[in-house]
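I have placed the structure first, in the form of structure tokens, so that the comments after it can refer back to it.
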Number of protein chains: 2
Amino acid sequence: MERKRADLIADAIEELILDGTFDDGDRLDEVQLAERFNVSRTPIREALQRLILSGLVEQLPRRGVFVRQPGPVELIEMFEVMAELEAVCARLAASRISDAALAQLRAINERCRTATEAQDADGNYDQNDLFHATLYAQTGNAFLEQECLRLQRRLRPFRRLQLRWRGRMAQSVAEHDAILAAIEAGDGDQAGNLLRQHVAVQGEKFHRLMSSLKPAAE
Amino acid sequence: MERKRADLIADAIEELILDGTFDDGDRLDEVQLAERFNVSRTPIREALQRLILSGLVEQLPRRGVFVRQPGPVELIEMFEVMAELEAVCARLAASRISDAALAQLRAINERCRTATEAQDADGNYDQNDLFHATLYAQTGNAFLEQECLRLQRRLRPFRRLQLRWRGRMAQSVAEHDAILAAIEAGDGDQAGNLLRQHVAVQGEKFHRLMSSLKPAAE
DNA sequence: AAATCCATTCTTGTATACAAAGAATTTGAC
DNA sequence: GTCAAATTCTTTGTATACAAGAATGGATTT
């Protein structure tokens with residue numbers, strides 16, 4: 001249901017940024033991209049606009065658009081917002097979730113557990129995202145759901161990094177268990193606090209990862 | 001610091017939508033807009049893209065872009081998210097705010113009170129927005145601040161409506177007082193709950209306004 | 001030799017021309 | 001007279017041409 005060429009290109013460029021083909025600070029040359037995708041500059045410019053609005057790149061007037069990877073500070077901030085948003089989701093979902101959806105969440109977390117035991121990082125990753133997305137849907141607030149999905153998507157590449165932490169996957173599954181228990185008990189505040197911690201720890205781990213890397217770079 | 005013509009046009013079109021020149025469901029004709037602003041279709045299309053991304057208009061592929069005012073349900077949802085976001089702001093600000101900023105908030109609320117006593121709805125409205133924006137800035141989280149400002153901006157025209165409620169302005173000032181007291185006491189949870197209620201009541205009042213208008217329209 | 005100014009060139013921003021996809025209208029057949 | 005199909009016409013999406021602003025390089029001057 002993609003709309004037009006420009007949308008496909010936007011996704012493609014986003015992919016190129018996220019997988020490191022374009023690095024932080026790189027200028028995205030319109031004509032280069034145009035010949036790379038075999039289109040004119042027009043759809044390229046439309047695609048870039050989308051990326052500008054999403055915050056992935058920055059535009060300096062009359063200068064061009066530049067890749068703008070969030071710095072450590074901004075990342076911490078984004079993780080904090082994500083943690084708070086998810087806490088809201090958990091609290092709302094605790095009073096609004098259906099039995100069917102609760103069962104579904106349990107099933108997803110079981111697949112998380114299976115993937116963890118099989119040391120399947122990719123499987124764990126996918127099911128983990130699905131777990132959270134399913135929870136968003138159970139807030140009964142479609143707007144909130146969309147906002148959460150937007151931020152989740154933005155943080156995806158960074159979340160992926162911290163999966164490498166030893167024992168993190170198993171810990172994550174256990175935290176999901178606790179969150180589910182709180183939701184099932186209808187304790188929204190407890191569910192919210194648990195989920196906030198669950199997400200915030202990702203930000204902290206990421207922060208420590210960054211700190212351990214930065215000194216070497218500078 | 002506007003970037004180019006397209007940005008000015010985007011703001012102008014947004015204004016035209018918000019002030020009712022373009023109604024819900026209207027198609028925004030590129031050529032009409034082009035001659036209205038005395039530019040070619042290119043900057044118009046760029047401007048429309050911005051509005052599409054912001055959610056103010058909707059694009060049907062190969063059909064055009066249409067004004068898409070949020071329905072009652074979506075509005076309720078947006079107010080709920082705003083309330084939760086502001087609650088987070090209050091909670092965070094309670095532990096991070098500076099004395100200077102706290103004094104500033106008090107000053108702003110005093111101007112709110114003055115405006116209220118003078119029956120100055122516009123003044124109250126402006127100071128009220130400033131009060132909330134100042135609070136966002138005190139979360140120490142620039143990303144959160146930006147997200148809040150974005151949503152605040154989106155809800156602005158609807159918030160304005162509920163100012164007409166008799167006694168609402170005075171009530172609002174009183175609620176600000178209570179929120180400030182909680183922040184000053186460092187009670188983040190209390191401040192959050194108060195602010196959530198403070199914003200949520202706007203959504204509810206708006207809902208009731210909509211309900212009282214809709215039956216006549218259908 | 002260094003700095004500044006001017007010119008050239010490169011890149012973005014805008015206009016226009018072209019193509020393709022829907023929508024609408026008209027014409028033909030039943 | 002009505003329904004359907006085809007053609008035309010409108011409108012979006014894309015390409016290209018043009019204009020204006022910024023960067024870079026060289027030359028000249030101090």
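Because the structure is a prediction, the values reported are computed rather than measured. Proteins come first, then strands; the chains are lettered A, B, ... in the order of their sequence lines, and each starts at number 1. Values reported hereafter were calculated over all heavy atoms of this structure, with side chains retained and with hydrogens, waters and symmetry mates removed.
For the pair A:Ser40 and D:dA15, the criterion of a side-chain N or O lying under 4.0 Å from OP1 or OP2 is met. Here A:Arg63 reaches the OP1 or OP2 of D:dA23: one of its side-chain N or O atoms lies under 4.0 Å away. In this structure, B:Arg27 reaches the D:dT12 phosphate: one of its side-chain N or O atoms is under 4.0 Å from OP1 or OP2. The phosphate of C:dG13 has OP1 or OP2 within less than 4.0 Å of a side-chain N or O from A:Gln59.
In this entry the distance linking CZ of B:Arg5 with P of C:dT14 reads 6 Å, nearest Å. Distance B:Leu60 CG to D:dT12 C1': 12 Å, rounded to the nearest Å. B:Arg45 places its CZ atom 14 Å from the C1' atom of C:dT16, with the value rounded to the nearest Å. A straight line from CD of A:Gln49 to P of C:dG13 spans 10 Å, rounded to a whole angstrom. Between the CG atom of B:Leu8 and the P atom of C:dT14 there is a distance of 9 Å, rounded to whole Å. The distance between atom CD1 of A:Ile44 and atom C1' of D:dT16, rounded to the nearest whole Å, is 15 Å. Between the P atom of C:dG13 and the CZ atom of B:Arg50 lies a distance of 13 Å, rounded to the nearest Å. Taking atom CD of A:Glu35 as the reference point, atom C1' of D:dA15 lies 15 Å away to the nearest angstrom.
Of the two residues near DNA chain C, A:Leu28 and B:Asn38, the one whose nearest nucleotide lies more 5' is A:Leu28. DNA chain D is contacted by both A:Arg41 and A:Arg62; A:Arg41 maps to the nucleotide lying nearer its 5′ end (nearest heavy atom per residue). Projected onto DNA chain D by closest heavy-atom contact, B:Val31 and B:Thr42 fall at different nucleotides, the more 5' of which corresponds to B:Val31.
Across all their heavy atoms, B:Val201 and B:Arg168 have their closest contact at CG1-NH2, 3.3 Å. Of all heavy-atom pairs spanning B:Cys112 and B:Asn128, the tightest one is SG-N, 3.6 Å.
Looking at B:Arg45 and A:Glu46, a side-chain N of the basic residue comes within less than 4.0 Å of a carboxylate O on the acidic one, giving a salt bridge.
Distances from the side chain of B:Val39 to the nucleotides C:dA20, C:dG13, C:dA15 place C:dA15 closest. Side chain of A:Glu30, nearest nucleotide from D:dG13, C:dT12, D:dA15: C:dT12.
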Pair B:Phe37-B:Ile13, side chain to side chain contact (heavy atoms under 4.5 Å, CB included): steps then yes or no: CA-CA 10 Å; B:Phe37 290 102; B:Ile13 295 177; 4.0 Å; yes

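B:His176 and B:His132 have perpendicular rings, their planes meeting at more than 60° on a 0 to 90° scale where under 30° would count as parallel.
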